[in-house]
Protein chains: 2
Amino acid sequence: MRSRAEVLEFSILGLLHDSPLHGYELRKRLTGVLGPFRAISYGSLYPALKDLQARDLIIQAAPDPQPVLTTKRARIVYELTGEGKEYFDQLVAAPGPDSWEDEPFAAHLAFFQRTPADVRMRILEGRRSRLEQRLATLRDSFTRAGERMDAYTERLQQHGLDSVEREVRWLDELIDGENRPDNRP
Amino acid sequence: MRSRAEVLEFSILGLLHDSPLHGYELRKRLTGVLGPFRAISYGSLYPALKDLQARDLIIQAAPDPQPVLTTKRARIVYELTGEGKEYFDQLVAAPGPDSWEDEPFAAHLAFFQRTPADVRMRILEGRRSRLEQRLATLRDSFTRAGERMDAYTERLQQHGLDSVEREVRWLDELIDGENRPDNRP
DNA sequence: TTCGTCATGTAATGGGTTACATGATTAC
DNA sequence: GTAATCATGTAACCCATTACATGACGAA
C-alpha cells in the first residue's frame, strides 16, 4: 500500500465500512483522515470509485425509495459489498513494509479501532523501526556532508533529526498505551 | 521558486557560485542541501544543466590543459557565467511567497551566508508566517473533523500540530540569532 | 574478475493535479 | 440576484522518477 492510489483505495473502503457515503462527503472525510495538506482531488477520487466498483468491492446503494421533497441533486451513494468488506479486513490485517510509510501509516491509524490488537502492535513497531532507519540515514548523510555544511543548513538538518526523534518518542507512548491492560490511548 | 525544477536550478547556481563542479559531484552536494530523502535524480539534474547552459547561465569549464596521467573519464565541469552570477544574486535577494515552502526554504538556508542580512530576515519571517498559517489550517480541520475523529487519528494530528509549533519556536531562535549583534547562529 | 563507485545521458512511464464542463441548492 | 457550497465527472497536462544504455577505474 505504498502509492497514493492504494492508500486512497484502502481509506475509501475503511470509511464505507462504517456507513454508505457519496463521493463529495467521502472526500471531506478523507481529508480528515490524511490531513488538509494531503487532501485528494476529485480527479483521483471519482476514478478510484469507478475502479472499486468495477472490481465489485463497492456498489451504488439503491436510491432512497421515497425521494424527499427537497430532491437535492442525485447523489451517488456507495456502500461496501461482501467482497469489499472481506478485502478491507484482509488489508487491515496484513500490513506490509509499505505500511510504515507516512501516508499508509496515517491511513492505518485511522482505522485502528477495527484493527486487531496484535496487528496494531505490528504496525506501530514496524513504523518505529522505519523511523529508526530514517534516523540512521539522516545521521549518516549528516556526518558525510560534515565539513562542507553551512551553519544554517546544519541547524535545519539538526531540527529535522530532532523531529524524527520526537516522533519515535511519540510512537513509544502509543506502544506503551497498547501494552497497558486498561488500554486508554 | 516553487517547483522542484526551480529549486534545483537555484541550488545548482548557488553551489557553482562557490566553485566549478561536474554533474556527479553536484548531485552529492545537492543531496547535502536538500537532505537524503529529497535527493534529485540524474534524470532531472542533467537536463537542468543542459537548460542552464542553453540560457548562458553556466558554461563548461575549459578542460584541464595538462591532463593528469590518471585520466579519469572526461568529466564535464560547469561554472557560472557572469549572467549566471547576476541571476543567482537576483534570485537570492528577491524571495517571493514561494520561498516560504519547505524545499525552497531549505535551499535558501543553504546559501544564507551569501544572503544579505535584511533578506535573511525577510525569509525567516516569511517562513514563520507560512507556518503560522499552516497551524491555522491544521487547527481548523482539527475542530471541523472534531466529533467523528478516531482517538488514534486525533493523536496523530495533535502530534503534527506539535511538530509545526516546534518548528515555529526553532525559527524564532534563528530570528533571535539574527537580531543579536554578535550574530552567531 | 567482479563488485562498487565514478560518470553522463535519454526515453518511457507513471502518477496525480489542474482546468474545464455542468448544474442544483442555499444563504445573504 | 449572486455568491458559496453541493455534487459529479473527464481530459489535458505537468513533472519527476525509473529504467535503460554505456563505459572506465579501483579494490578485493
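Naming convention: chains lettered A, B, ... in sequence-line order (proteins, then strands); numbering from 1 in each chain.
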Checklist entry - What residues, two or more places apart in sequence or in another chain, satisfy salt bridge (charged side-chain N to carboxylate O under 4.0 Å, His left out) together with B:Arg27? => result none
Checklist outcome for this item: Whole-Å distance, B:Leu8 CG to D:dC14 C1', equals 16 Å
Checklist entry - Can you name the salt bridge (charged side-chain N to carboxylate O under 4.0 Å, His left out) partners of A:Glu101, sequence neighbours left out? => result A:Arg2, A:Arg130, A:Arg134
Next on the checklist: I'd like to check the side-chain contact (heavy atoms from CB on, under 4.5 Å) partners of B:Ser163; sequence neighbours left out, ordered by chain and number.
Outcome noted: A:Arg166, B:His159
Checklist outcome for this item: So the salt bridge (Lys or Arg N to Asp or Glu O under 4.0 Å) pairs with at least one residue in residues 108-118 of chain A (sequence neighbours excluded) are A:Asp18-A:Arg114
Item to check | Between C:dG14 (P) and A:Glu6 (CD): distance, integer Å | outcome: 14 Å
Checklist outcome for this item: Bend of the helix from C:dT1-D:dA28 to C:dC28-D:dG1 from end-axis comparison, five pairs per end, nearest 10°, comes to 30°
Next on the checklist: Short of 4.0 Å, heavy atom to strand atom, which residues of residues 21-35 of chain A count as contacting DNA chain D?
Outcome noted: A:His22, A:Gly23, A:Tyr24, A:Lys28
Next on the checklist: Short of 4.0 Å, heavy atom to strand atom, which residues of residues 41-56 of chain A count as contacting DNA chain D?
Outcome noted: A:Tyr42, A:Gly43, A:Tyr46, A:Lys50
Checklist entry - What pairs with A:Glu25 under salt bridge (charged side-chain N to carboxylate O under 4.0 Å, His left out), at least two apart in sequence or on another chain? => result A:Lys28, A:Arg29
Checklist entry - For B:Asp56, what residues pass the salt bridge (charged side-chain N to carboxylate O under 4.0 Å, His left out) criterion, not counting sequence neighbours? => result none
Next on the checklist: Between A:Ile40 and B:Gln60, which residue's closest nucleotide on DNA chain C lies nearer the 5′ terminus?
Outcome noted: B:Gln60
Item to check | Partners passing side chain to side chain donor-acceptor pair (under 3.5 Å) against A:Thr153 (at least two apart in sequence or in another chain) | outcome: A:Asp150
Next on the checklist: In whole Å, I'd like the distance from the OH atom of B:Tyr78 to the C1' atom of C:dA7.
Outcome noted: 12 Å
Next on the checklist: My understanding is that only one of B:Phe88, B:Phe111, B:Tyr78 makes a ring-ring contact (aromatic ring centres under 6.0 Å, His included) with B:His17; could you say which?
Outcome noted: B:Phe88
Checklist entry - Side chain of B:Ser99, backbone of B:Phe105: donor and acceptor closer than 3.5 Å? => result no
Checklist entry - Rounded to whole angstroms, how far apart are CD on B:Glu103 and P on D:dC15? => result 14 Å
Item to check | Atom-pair distance (CD1 on B:Ile12; P on C:dT8), nearest Å | outcome: 12 Å
Next on the checklist: Taking only side-chain N and O atoms of A:Arg75, does any of them lie within less than 4.0 angstrom of OP1 or OP2 on D:dA7?
Outcome noted: yes
Next on the checklist: Suppose we screen for side chain to side chain donor-acceptor pair (under 3.5 Å). Which residues come up paired with A:Gln158, at least two apart in sequence or across chains?
Outcome noted: A:Asp162
Next on the checklist: The criterion is side chain to side chain donor-acceptor pair (under 3.5 Å); which residues satisfy it with A:Glu167, sequence neighbours excluded?
Outcome noted: A:Arg127
